[in-house]
Structures are given as structure tokens and as C-alpha cells.
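Have a look at the structure below before the remarks.
Counting convention: from 1, in listed order, for ligands and their atoms alike. One-based numbering along the sequence shown. Scope of the values below: all heavy atoms of this structure, side chains included, with no hydrogens, waters or symmetry mates. What you see is a predicted model; the values in this text were computed from it and never measured.
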Amino acid sequence: RAKENGRNTFRIYTKDLHHDLTEKLEMLKRLRHAIEQEKLVVYYQPKIDFNSRRIIGMEALVRWIEDDGTLIGPDQFIPIAEDTGLIMPISDFVMRSALAQLHEWRELGFTDLTMAINVSGKQLHSPDLVDNVLDAIRRAKVPANRLELELTEQVFIENIQSHTNFMHSIREHGISLAIDDFGVGYSSLAYLKNFPVTSLKIDRSFIQDLPGDKDDATITQTIINLAKNLDINIVAEGIETEEQVDFLLERDCNIGQGFLFSRPLPAEEITRLLEQYQGLIPIQIA
Ligand code: C2E
Ligand code: MG
Ligand code: MG
Ligand code: MG
């Protein structure tokens, strides 16, 4: 009987696996089609300086719009894109779009804005990455020092020589380098010494339950201290309440993003926001 059960379990398992694979292949087909048909769009989320209420920059966040208008978030398709090489055309598209958009906002007079772009670890395997980034900057006619690349902590922890070379070369050209989702990876932190990092972005999971959660409060405080001691900028992600801003301001973290200020929005809506409030965010902070 045990044997029978075992066999059944196996059968169910392979069926699930088959189902998963079919679903993935279907997804892949649709994603490839979406890229060809230019169904991807870049949304932008403002980054705010709490003290001045100024919008100091944007983060580019890709979305996929299906024919019926459904919006698909990057968490749904970036992983599969990374596994299949489709991350390359997607990243090129995001880089071109975001830098062209930055240029447009600069033309409107918002010349201080920075643009942050998420870079997948998989892209770092390409030896042309630095050249491609520099080429995109030149074409868009924006200064290199307005661009920031965000890499997740995992990329730093892997500590591969080509990654290190990439980071130094990026910094030599004046491009900023942020560690995204900081604090969620398991690491010794020693890597912070070895990389030319300009900012740390505290992961949303630590911000979410502030100020009530004692552990998160301690972790956030520790990350802020760490960044300060290493002379690295600190940015808080996922701010949704005034109380979170108060907590961060009291601990000398002055910059952040989150739904409290603005959700990621299409470029036109961001343009309207910038023009209507002259580069400030229309909410009273602390
Ligand atoms: P991320 O870079 O850490 O981006 C922040 C995510 O948090 C975004 O999700 C954003 O919409 C969300 N967020 C911002 N503020 C709040 C808030 O107050 N509350 C909540 N609940 N969420 C908030 P999104 O746009 O779904 O992106 C998810 C992830 O997908 C990004 O995380 C990034 O790792 C990846 N991603 C997005 N665009 C790209 C891209 O162009 N290339 C690559 N390689 N990855 C991308
Ligand atoms: Mg990011
Ligand atoms: Mg993040
Ligand atoms: Mg994330």
C-alpha cells in the first residue's frame, strides 16, 4: 500500500511539474511577443527629500500591459526573463526609455532630477554592459552623474571579480551605485568595504511595521548608523505612513520613496505632478 501511495504522489508531482512547465513556456511566448509588440512601459516613482519636500529623483519600474489593459508587475516576469535571456532586450528598453524621459524632464527645467534604474545580476555577465550604459547616456544627452544603477544585495554578496570591475568602471564615469533591498540578504557586510557604493536602500520589509515593531526599529536604526559611518547615502523604501517618516527623520534618514508620496506612475502623470507643484511633493511632511 505504501508503494501505491508513493507512486500516486509521484504521478501527482510530475503532473504539477508538467503543468508548471507548460505555464512557463506559455508565459515566455507571451513575453517575447510583448517585447516585439512594444507592450512594455516604464513607470516612475519619485524619490523625496523629507526636509525640503523636493522630488529629487525617480526610479524606473517596468510594467507589461496586456492587450486587454491588464497591468503585469515586474515580479511576475523579470525572473523568467532573467532565466531566458529576455532580460537583455527588456533592460535595453528600460534604459533607453528612462534616459529619454529624464532628458525630457530636464528640458522642462527639472535639471536636478536623478534617474535610478534596476540592473539584474544576469546583465553583469555581459562584457558590453558598461559600454552599453555609456552609449545610452550619450544618445539621451544626459549627464552620467544623474544616473544611478540599483543592484540587489545578492549581486554584491556573490563577489565575482567581473562584478567588481563593472562597479568600479561605472563609478569612474560618475554614475551612482545603490544596493537595493538592503538587509534581506545573508551576508557578513564586509563586502561593503570592497565596493564603491553610493547608497543603501533599506528594504521595505523593515519599514512596513515601523515604528511599532521593535526588531524592525532596531534593524533600521542599525542600517542607518552603518551607512552613516561608511559615508554612504541612505534611502528608505516603501514608506506608507507619516509615522514612518517621523521615525526616519528622527534618525537622520532624510530620503525615501513610497506610496505615501506617490505610487509609480506613467511618465505623463509624473510630468503633470512635477509641473503642478514645481518639483515639490504635494503633501505636508512631518
Ligand atoms: P525594487 O527595485 O525594490 O522596487 C521597489 C518596489 O516596491 C516596486 O515594485 C514599487 O512599486 C514598490 N513600492 C514602492 N513604494 C511602495 C510602498 O509604499 N508600498 C508597497 N507595498 N510597495 C511599494 P515593482 O514596481 O512591482 O517592482 C518590483 C521589483 O521588480 C523591483 O523591486 C525590481 O527589483 C524589479 N524591477 C522593476 N523594474 C525593473 C527593471 O526595469 N529591470 C530589472 N532588472 N528589475 C526591475
Ligand atoms: Mg529598485
Ligand atoms: Mg528595493
Ligand atoms: Mg525588490
At under 4.0 Å between heavy atoms, what of Glu59 touches ligand 1? The answer is side chain
Is there a side-chain contact between Asp67 and Lys39 in this structure, where contact means two heavy atoms from C-beta onward sitting under 4.5 Å apart? yes
With a 4.5 Å limit on heavy-atom distance, are the side chains of Ile78 and Val62 in contact? yes
Number of protein N/O/S atoms less than 2.8 Å from the Mg ion (ligand 2)? 4
What atoms of ligand 1 come within less than 4.0 Å of a heavy atom belonging to Gly238? 15 (N), 16 (C), 17 (C), 18 (O)
Give the numbers and elements of all ligand 1 atoms closer than 4.0 Å to a heavy atom of Asp180. 1 (P), 2 (O), 3 (O)
Sub-4.0 Å heavy-atom contact, Pro264 with ligand 1: yes
When you look at Gln208 and Asp216, which way does the side chain to side chain contact (heavy atoms under 4.5 Å, CB included) test go after all the steps? CA-CA 9 Å; Gln208 171 169 287; Asp216 288 340; over 6 Å; no
Ranking Val62, Asp75, Leu61, Ile239 by closest non-hydrogen atom to atom 29 (C) of ligand 1, top hit is Asp75
Using 4.0 Å as the upper bound for N to carboxylate O, is an ion pair formed by Glu237 and Lys201? yes
Lys/Arg-Asp/Glu bridge criterion (N-O < 4.0 Å) met for Lys24, Asp20: no
Could you walk me through whether Phe50 and Ile239 pass side chain to side chain contact (heavy atoms under 4.5 Å, CB included), step by step? CA-CA 11 Å; Phe50 307 148; Ile239 298 169; 3.4 Å; yes
Counting distance only, does the side-chain N/O of Gln123 pair as donor-acceptor with the main-chain N or O of Met88 below 3.5 Å? no
Give a yes or no answer on whether the side chain of Thr164 reaches the backbone of Ile160 with a donor-acceptor pair at less than 3.5 Å. yes
Could you check whether Thr114 and Glu148, counting side-chain N and O atoms only, form a donor-acceptor pair closer than 3.5 Å? no
Looking only at distances, please establish whether an N/O atom of ligand 1 is found under 3.5 Å from an N/O atom of Glu240. yes
hydrophobic_cluster_shared for Phe77 and Tyr43, side chain cutoff 4.5 Å: no
With heavy atoms only and a cut-off of under 4.0 Å, state how Ile117 meets ligand 1: side chain, backbone, both or neither. neither
Find out whether Glu243 and Leu210 are in side-chain contact, i.e. whether some heavy atom of one side chain is under 4.5 Å from a heavy atom of the other. no
For atom 34 (O) of ligand 1, which of Thr241, Asn118, Val119 has the closest heavy atom? Asn118
Does an N or O from Glu237, backbone or side chain, lie closer than 3.5 Å to an N or O of ligand 1? yes
Checking heavy atoms under 4.0 Å, the part of Glu82 that sits near ligand 1 is neither
For a quick check under 3.5 Å, do Ser205 and Asp203 share a side-chain donor-acceptor pair by atom type? yes
Atoms in ligand 1 flagged as close to Gln45, the criterion being non-hydrogen separation under 4.0 Å: 14 (C), 15 (N)
Can you name the atoms of ligand 1, numbered from 1 with element, that are less than 4.0 Å from a heavy atom of Gly258? 15 (N), 18 (O)
Cation-aromatic face contact Arg96/Phe93, 6.0 Å, 45 degrees: no
Would one find an N or O of Arg63, backbone or side chain, under 3.5 Å from an N or O of ligand 1? yes
Aromatic rings Tyr44 and Trp105: how do their planes relate, parallel, tilted or perpendicular, breaks at 30° and 60°? perpendicular
Only heavy atoms of Val94, strictly under 4.0 Å: list the atoms of ligand 1 that pass. 41 (O)
Is Arg204 close enough to touch ligand 1? Criterion: a residue heavy atom under 4.0 Å from a ligand atom. yes
Out of Ala236, Pro74, Gly73, the nearest non-hydrogen contact to atom 26 (O) of ligand 1 is supplied by Pro74
